[in-house]
Number of protein chains: 2
Amino acid sequence: MEKEVLTLNCQCENCQLRALFFAHLQQDEMLDICNIRKEKSFESNEDIVRRGDKFREFFYLKEGLVKLHIVKSGSEDQIITIAKPLDFISILSIFSSDHYQYTVTALLPSVVCNVDMSLIKSFATKNAAFGFDLMTRLSKSTDIVLLETMDLKRLQLKGKLAYILLKFANHIFKSERFDLPVTRKEIAEYAGVSTENIIRALAEFRKDQLIRISGKEIEILNKNRLTQISKFG
Amino acid sequence: MEKEVLTLNCQCENCQLRALFFAHLQQDEMLDICNIRKEKSFESNEDIVRRGDKFREFFYLKEGLVKLHIVKSGSEDQIITIAKPLDFISILSIFSSDHYQYTVTALLPSVVCNVDMSLIKSFATKNAAFGFDLMTRLSKSTDIVLLETMDLKRLQLKGKLAYILLKFANHIFKSERFDLPVTRKEIAEYAGVSTENIIRALAEFRKDQLIRISGKEIEILNKNRLTQISKFG
DNA sequence: CGCGGCTTTGATGTTCATCAAGTAAAGTGG
DNA sequence: CCACTTTACTTGATGAACATCAAAGCCGCG
């Protein structure tokens with residue numbers, strides 16, 4: 001019974017990630033994590049971790065939306081990717097260094113769970129099925145990021161923009177209508193082009209009836225055409 | 001004694017990767033791998049695996065140099081990275097899909113070791129320390145690839161070229177003088193620019209006394225300046 | 001030897017960054 | 001809540017970076 005009570009206090013039942021992530025952990029291991037974990041909320045625009053921070057805790061995104069980006073003095077920000085829960089941005093580079101390689105910033109109000117790294121490491125080394133699962137997830141998420149990056153690199157401006165808009169529509173919001181969680185400048189940093197040209201391309205997409213746009217509000221009007229641009233544009 | 005004989009037949013003693021990779025395997029597990037492993041040689045320009053191939057074997061590069069690239073009909077080749085032994089290109093995406101996401105092609109005569117994937121998977125699930133080591137390596141190599149890709153994305157043409165030349169000098173050949181293992185076209189595919197402009201930039205580097213170049217032979221003459229260009233160019 | 005791919009150079013045009021300047025929106029302190 | 005400041009957005013004009021096209025020499029290979 002006491003276990004049951006602890007589990008309930010833990011509130012992990014509602015976590016989307018629980019089933020996937022902890023499938024291989026024993027009940028008592030789950031409780032260890034539950035009891036040790038710390039949940040933190042972040043507002044839009046708040047840094048969750050910063051490049052160079054010492055890495056002490058394992059964390060995963062429970063709710064919200066974040067950008068993974070490289071902040072360098074003397075040059076523009078570069079956005080590596082935008083990730084939502086289950087994309088598991090958190091595990092990128094976690095095992096490769098003592099320090100974060102990237103900065104992670106909330107784009108929408110977000111909730112993050114922290115677990116002491118040593119606990120995760122000890123599970124991963126003791127419980128091979130858990131470690132294997134972790135490895136699979138790590139591999140999948142980095143694969144997607146890398147393929148996305150190569151796609152964006154290949155395309156020219158309008159193709160990049162179409163690609164990013166469709167990522168929001170298809171992958172992130174799963175809807176043709178949504179509020180952009182990023183500024184024009186951030187779209188530019190993601191695409192690797194200038195802000196002005198993102199604005200011009202958005203205006204042209206509107207003129208060509210591919211999208212409807214007012215401020216942050218976007219509606220995809222011609223997905224087929226936009227998809228074509230995102231592949232060959 | 002028989003074990004000893006098998007180990008010797010295996011010829012893994014000379015493998016650079018052995019110590020790193022199999023640190024956590026038991027003697028008998030090592031022997032399993034030794035007995036099951038197949039060594040294959042590839043000539044320059046030969047495909048080691050192709051995008052879309054069904055993934056059946058775990059493989060690692062024992063000797064040589066390879067490019068990881070995306071081959072698409074209707075668009076130029078894109079080189080993701082160039083990897084040597086210990087860079088462990090082999091494990092990228094191995095756990096994320098049944099199929100190879102990229103094509104791997106030898107740039108120099110190369111030797112690859114294949115091990116049946118189910119054996120590696122069974123080790124990874126039974127032997128957590130092995131799995132953890134594998135995960136760490138996977139994470140490190142993908143991190144490096146991703147950071148490199150973002151660097152190349154940020155730079156303009158001469159910066160990209162300087163970056164790539166320095167990768168050969170510092171990371172791959174560890175020498176100021178070396179024979180280019182790639183064509184000008186491949187440098188262009190790696191940088192994401194046109195072949196002609198790579199040639200023009202090479203000519204300009206030569207004119208500015210940054211490099212000496214005759215055919216495939218390269219010598220870095222002014223590494224400081226080239227490094228500066230590779231950071232801010 | 002001749003064919004195809006690699007290399008090189010020049011000329012031309014397109015894509016895109018940059019600069020400038022102004023409007024709108026959003027945050028800040030009184 | 002309003003004045004103020006900053007940040008985001010937008011449009012136009014200009015020039016730089018770069019792709020593309022064309023043409024010719026080179027080299028390795030069947």
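Chain identifiers are assigned alphabetically (A, B, ...) following the order of the sequence lines, protein sequences preceding nucleic acid strands; residue numbering begins at 1 within each chain.
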**Study point:** Distance in Å, B:I229 CD1 paired with B:L155 CG, rounded so as to fall on 0.5 Å steps
**Key:** 11.0 Å
Revision key, fill the gap. Closest non-hydrogen contact found for B:G64 with B:S110 is CA-OG, 3.4 Å
**Study point:** Atom CD of A:E76 with >12 non-hydrogen neighbours under 6.0 angstrom
**Key:** no
Check your understanding: For the pair made of CD1 in A:I198 and P in D:dC9, what is the distance, rounded to whole Å?
Key -> 12 Å
Report each atom pair, protein N/O against N/O of nucleotides 11-14 of chain D, whose distance is under 3.5 angstrom.
residue : atom : partner : partner atom : Å
D:dG12  : N7   : A:R200  : NH1          : 2.9

Point to revise | CZ/A:R50: more than 12 non-hydrogen atoms of other groups inside 6.0 Å | key: no
Exercise for review: Tell me, please, the opening and closing nucleotides of DNA chain C, 5' to 3', among those with an atom under 4.0 angstrom from a non-hydrogen atom of chain A.
Suggested key: C:dC16 to C:dC19
Review point. Which class fits the ring pair B:F178 and B:F168: parallel under 30°, tilted 30 to 60°, perpendicular over 60°?
Key: tilted
Point to revise | Any A:E217 side-chain heavy atom under 4.5 Å of A:D179 side chain | key: yes
Practice item. Give a yes or no on this: more than 12 heavy atoms of other residues, nucleotides or ligands lie within 6.0 Å of atom NZ of B:K72. Key: yes
Point to revise | Partner of B:T227 by side chain to side chain contact (heavy atoms under 4.5 Å, CB included), out of B:I220, B:N222, B:L166, B:N170 | key: B:L166
Review point. Is the closest side-chain heavy-atom distance between B:E219 and B:L221 below 4.5 Å?
Key: yes
Exercise for review: Please report the shortest heavy-atom distance between A:A106 and A:V66, naming the atom on each side.
Suggested key: CA-CG1, 4.1 Å
Review point. Got a second to check how far A:L107's CG is from A:F42's CZ, nearest 0.5 Å?
Key: 13.5 Å
**Study point:** With B:K167 via side chain to side chain donor-acceptor pair (under 3.5 Å) - residues at least two apart
**Key:** B:T81, B:E148, B:Y190
Point to revise | Sorted by number, the residues of residues 176-195 of chain B with heavy-atom contact under 4.0 Å to DNA chain C | key: B:T183, B:R184, B:K185
Review point. Which part of the nucleic acid does A:K216 contact within heavy-atom distance under 4.0 Å: base, sugar-phosphate only, or nothing?
Key: sugar-phosphate
**Study point:** Rounded (10°) bend between the five-pair end axes of the helix from C:dC1-D:dG30 to C:dG30-D:dC1
**Key:** 50°
Review point. So which one's nearest nucleotide on DNA chain D is more toward 5', A:L202 or B:N197?
Key: A:L202
Review point. Quick one: do the A:S141 and A:D87 side chains pair a donor with an acceptor below 3.5 Å?
Key: no
Practice item. Would you indicate whether A:K216, at its atom NZ, is surrounded by more than 12 heavy atoms from other residues, nucleotides or ligands within a distance under 6.0 Å? Key: yes
Practice item. Check the surroundings of atom NZ in B:K153: do more than 12 heavy atoms from other residues, nucleotides or ligands lie under 6.0 Å from it? Key: yes
Exercise for review: Can you sort out which residues in residues 149-158 of chain B have a heavy atom within less than 4.0 Å of DNA chain D? Ascending by number, please.
Suggested key: B:Q156, B:L157
